[in-house]
A.B. asks: 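Attaching a single structure in structure tokens format; questions to follow.
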Amino acid sequence: MTDPTDARNAGPTAASGQVTAQSDGEQPRYGPAQGRHGAVPPAVPDKAVAGPRARIEGWVSRGLTRVTSSALGPYQTAIVRIGFGLVWFLFLLREWPHRQELYGPEGPWSWGLAERLIDSNHAFTVLMWSSSNSWFELVYLLALLSAAALTLGWHTRASSVLFMVGVLSLQNRSVFMGDGGDNVIHLMAIYLVLTRCGQVWSLDARRAARGRTEGTAGVVLWAVLGAVLLGGTVAGGFSLGWCLFFWALWVANGLWWVLRRAGARGGRSVREARDVCDILANLGHNAVLLVIMVEVCLIYSTAGWYKIQGTRWQDGSAVYYPMNLDYFSPWPELSHVLAGNGLMIFLVTYVTVGMQIAFPFTLLNRRAKNVLLAFMIVEHLGIAVLLGLPFFSLAMIAADAVFLPTVFLVWSGRRLGALAARVRGLLPRGRRPDTGHEEREEHGRDEAMDHGPDGAPAGIPAAQESEDDVAGTRLPGR
Amino acid sequence: MGMEKTKGSREGMEPAAHQEPGAADGDARAPGGARGGGSRAIPGNRERRTPAAEEPEGRGEPPTEPGEPAASSTSIRADEADGDSNGPAGHGSSGGGEEAGPAGLARLSLPARIFVAITVAVVAVAVAVHVTMVFLHVAPDNTVSRQHSDAVDDYVLPEFEQNWKLFAPNPLQQNVAVHARAAVTKDDGNTETTGWVNLTALDGAAVRGNPAPSHTQQNELRRAWEFYANYHDDKSRPVGLRGRLSEQYMKRIVMRRFGTRLNGGSVERIQLRSAITPVKPPPWSQERMDLRTKYAVQPWWPVTSADLPGSDS
């Protein structure tokens, strides 16, 4: 955003366009080079060697450009960010009356008990810094606020770190209160820190699209967090690993801020430093995005893997049982009706196992993946209601969302934006909705990697659409 | 509180069910950074500006060779794909560097490119290591994970710990209830034992009709008992630190729900038992099973001030 003339405006689209365009025309055209390779092992004819090699090299080279030039899946990472931010926010809100019992110093899992366990497992939690109740209340409140900030994408990079600190601090403080939903949130909170998840659908993106500067909030936030970090370090509040991690993030954010400003008017070397940092951030983002996708696959495949070994999943009655457990039957009458139908229980049981095992493989085919994704989301909605596990289910849906197709996300975003605009229009003194006809911002300029319009760009370029989704385009040969 | 008193205390031990829905035991340890490991590295940036590239001999082999990112970034590879005029911007095979890449890979100086190349390799290795470790952690026990269990644990615990045995291998097929009773001393000095209170039933009542049950209702007692049962032997003796912690945790949960005064006396000691009732087989199945509840009575525990809600010890 600081340098609108930068050639990168077309960045992501160009790159993805190339991939599509190139997928079959892979013929090497450099005769001489080819000949030379062929000459090394004399017995093998030129083309036999050069063909596959060229393909591999071409693939690697394109892949390299792709993972360094842009932070892929802007919409997917944004929806994951919003999903997890929202789930944790709603969870903390729901548990507000129970917060003392869950995580407070005098809860059943008291501060003293937690201290003894954490001494042995070294989990990260700032709640161990003090056993005072006001410290706990402050941390809980900050966790709540950081979840809201992350959901809205307010200074996303900073709020994602605070979000992670909040999640880890509370969950690690009382590990025996959590369930599978907390587990997913825990993992994703860590992963999100390293992604550029505020590129779209965030306050950061909106600010950038309106061409506003960041103002002082970011700098103040950075300074305050630095002071807290310094205090924590001096007081010995962090283990060595966490200490290095937080300081690295802090320094990197400061450096990025400086380089972005300096790069706008500075000389070649400053611009280069900025570009290198941008590349590193893209690289980190893309690597972690891959990890998130693998993580989701691991969740499903191991869940299916274990299930298929169980006799109840084999005889088609497994789904019947959880619905008859006191802890998981908020609507016993409903559970009763469903549980009475043997055929349906059998179908749901088999389909569940089948879907979980099949999921990672459907990534090879976009359409199959999308169909399965829809099924999974519906099943999780069912679990939310039937088993009384709304936060677990929402967390799983948020994780699934990383595989949603870009077109769908963009379309939904636009619909939501239009709806919001209409609602605002109805309000007496509604402000003019921000319809976002601004150009899509260049990639990787802003601290939050702002991409421009908070809705979708007016016309998403064709190449962008063809990108479809991260999963599809990531696979070799697609 | 609406206490439900249950008479009778038949003995009987039922193994605590391990398969718990969505129960991932958060245990813990230090953060793992990126670690080096012997997995393949994606070679570095091979952008270049001139098509007349040379292949240094000996480097003819796969671009996916580990350990050579720096070399490959020196941009003297014959990158056949570059011939593709469609090459991503940045492969400025014809027409100069500036329109170059979105991220300007091609615009970077040599040292910068080397740096980027090394980073690419490091990141690739880190991702491979991370994914492998997590995989070995979540996969069933196997040849590799047994052999490297220490390394895997060191890496994954505490923050990447996870457990996706959701309702698997078999869903829990029994309702595990925790009952508690107390020995109270009345003001006149007499002692009295209260009836059994089904704490789990109280949780169940709170869950019923609740679209979003609290963790305090759905997880607290359920997981605490699971924790307790896992760290106690079949003679109800605590196993290790966790056994002792789980005992005090159970006491604190019960005392929080009982309060210090019960039935007009002050609570001196408490006793717990589990009551395990198999879920009735589905109506369509021919299975027959004994549906009677089995109890496992635990020893009496004295209540100390550390077990009361007001204390943080």
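Just so it is clear: chains get the letters A, B, ... in the order the sequence lines come, proteins before strands, and each one is counted from 1.
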A.B. asks: Among A:Leu298, A:Ile299, A:Val288, which residue forms the greatest number of heavy-atom pairs with chain B at distances under 4.5 Å?
C.D. replies: A:Ile299

A.B. asks: Can you give me the closest heavy-atom contact between A:Ser329 and B:Arg208, atom names plus distance?
C.D. replies: O-CG, 4.1 Å

A.B. asks: Is any side-chain heavy atom of A:Leu387 closer than 4.5 Å to a side-chain heavy atom of B:Phe167?
C.D. replies: yes

A.B. asks: Working to the nearest 0.5 Å, report the span between CZ of A:Phe91 and OG of B:Ser214.
C.D. replies: 7.0 Å

A.B. asks: Highest number of heavy-atom pairs under 4.5 Å with chain A: which of B:Val207, B:Leu241, B:Thr216, B:Val127?
C.D. replies: B:Thr216

A.B. asks: When you look at A:Thr302 and B:Phe135, which way does the side chain to side chain contact (heavy atoms under 4.5 Å, CB included) test go after all the steps?
C.D. replies: CA-CA 9 Å; A:Thr302 49; B:Phe135 173 80; 5.9 Å; no

A.B. asks: Working to the nearest 0.5 angstrom, can you tell me the gap between A:Asp179 CG and B:Asn163 CG?
C.D. replies: 11.5 Å

A.B. asks: With respect to chain A, which residue among B:Pro282, B:Ala212, B:Pro213, B:Ala112 yields the maximal number of heavy-atom pairs within a distance under 4.5 Å?
C.D. replies: B:Pro282

A.B. asks: Looking at B:Ile253, B:Val254, B:Val138, B:Thr277, which one has more heavy-atom pairs under 4.5 Å with chain A than the rest?
C.D. replies: B:Val138

A.B. asks: As an exercise, state the distance from CH2 of A:Trp305 to NZ of B:Lys165, rounded to the nearest 0.5 Å.
C.D. replies: 11.5 Å

A.B. asks: Is chain B contacted by the side chain of A:Ala318, its backbone, both, or neither, given a heavy-atom distance below 4.5 Å?
C.D. replies: both

A.B. asks: Which heavy atom in B:Asn219 sits nearest to a heavy atom in A:Met177, and how many Å separate them?
C.D. replies: ND2-O, 2.9 Å

A.B. asks: Which residues satisfy the ring pair (Phe, Tyr, Trp, His ring centres under 6.0 Å) test with A:Phe238, sequence neighbours excluded?
C.D. replies: A:Trp129, A:Phe246

A.B. asks: Quick one: what part of B:His130 sits under 4.5 Å from any heavy atom of chain A, side chain, backbone, both or neither?
C.D. replies: side chain

A.B. asks: Report which part of B:Leu245 has an atom under 4.5 Å of a heavy atom belonging to chain A: side chain, backbone, both, or neither.
C.D. replies: both

A.B. asks: List the steps and the verdict of side chain to side chain contact (heavy atoms under 4.5 Å, CB included) for A:Tyr327 and B:Leu221.
C.D. replies: CA-CA 10 Å; A:Tyr327 276 113; B:Leu221 182 60; 3.8 Å; yes

A.B. asks: Below 30° counts as parallel, above 60° as perpendicular, anything between as tilted: where do the rings of A:Phe176 and B:Tyr249 land?
C.D. replies: tilted

A.B. asks: To the closest 0.5 Å, what do you measure between CD (B:Glu159) and CD (A:Gln171)?
C.D. replies: 9.5 Å

A.B. asks: If you count heavy-atom pairs under 4.5 Å with chain A, which of B:Asn175, B:Thr200, B:Val131 comes out on top?
C.D. replies: B:Asn175

A.B. asks: For residues A:Phe346 and B:Trp284, establish whether the separation of their ring centroids is below 6.0 Å.
C.D. replies: no

A.B. asks: Go through the atoms of B:Ser285 and report whether side chain, backbone, both or neither lie under 4.5 Å from a heavy atom of chain A.
C.D. replies: neither

A.B. asks: For A:Leu90, is the CG atom crowded, meaning more than 12 foreign heavy atoms sit under 6.0 Å from it?
C.D. replies: yes

A.B. asks: Tell me the closest heavy-atom pair linking A:Leu187 and B:Glu161, and the distance in Å.
C.D. replies: CD2-O, 4.4 Å

A.B. asks: Any heavy-atom pair between the side chains of A:Gln309 and B:Pro140 that's under 4.5 Å?
C.D. replies: yes

A.B. asks: What residue, out of B:Ala205, B:Pro283, B:Ala206, B:Gly204, has the most heavy-atom pairs lying under 4.5 Å from chain A?
C.D. replies: B:Pro283

A.B. asks: Any non-hydrogen side-chain atom of A:Glu295 less than 4.5 Å from a side-chain atom of B:Val134?
C.D. replies: yes

A.B. asks: Would you sort out whether A:Tyr320 and B:Val279 count as a side chain to side chain contact (heavy atoms under 4.5 Å, CB included), showing the intermediate values?
C.D. replies: CA-CA 10 Å; A:Tyr320 167 84; B:Val279 169; 3.9 Å; yes

A.B. asks: Look up atom NE2 in A:His98 and atom CD in B:Gln217, then write down how far apart they are to the nearest 0.5 Å.
C.D. replies: 5.0 Å

A.B. asks: CG of B:Leu157 to CG of A:Asn121: how many Å apart, nearest 0.5 Å?
C.D. replies: 8.5 Å

A.B. asks: Examine whether an atom of B:Ser246 lies under 4.5 Å from a heavy atom of chain A, and if so say whether it belongs to the side chain, the backbone or both; otherwise answer neither.
C.D. replies: neither

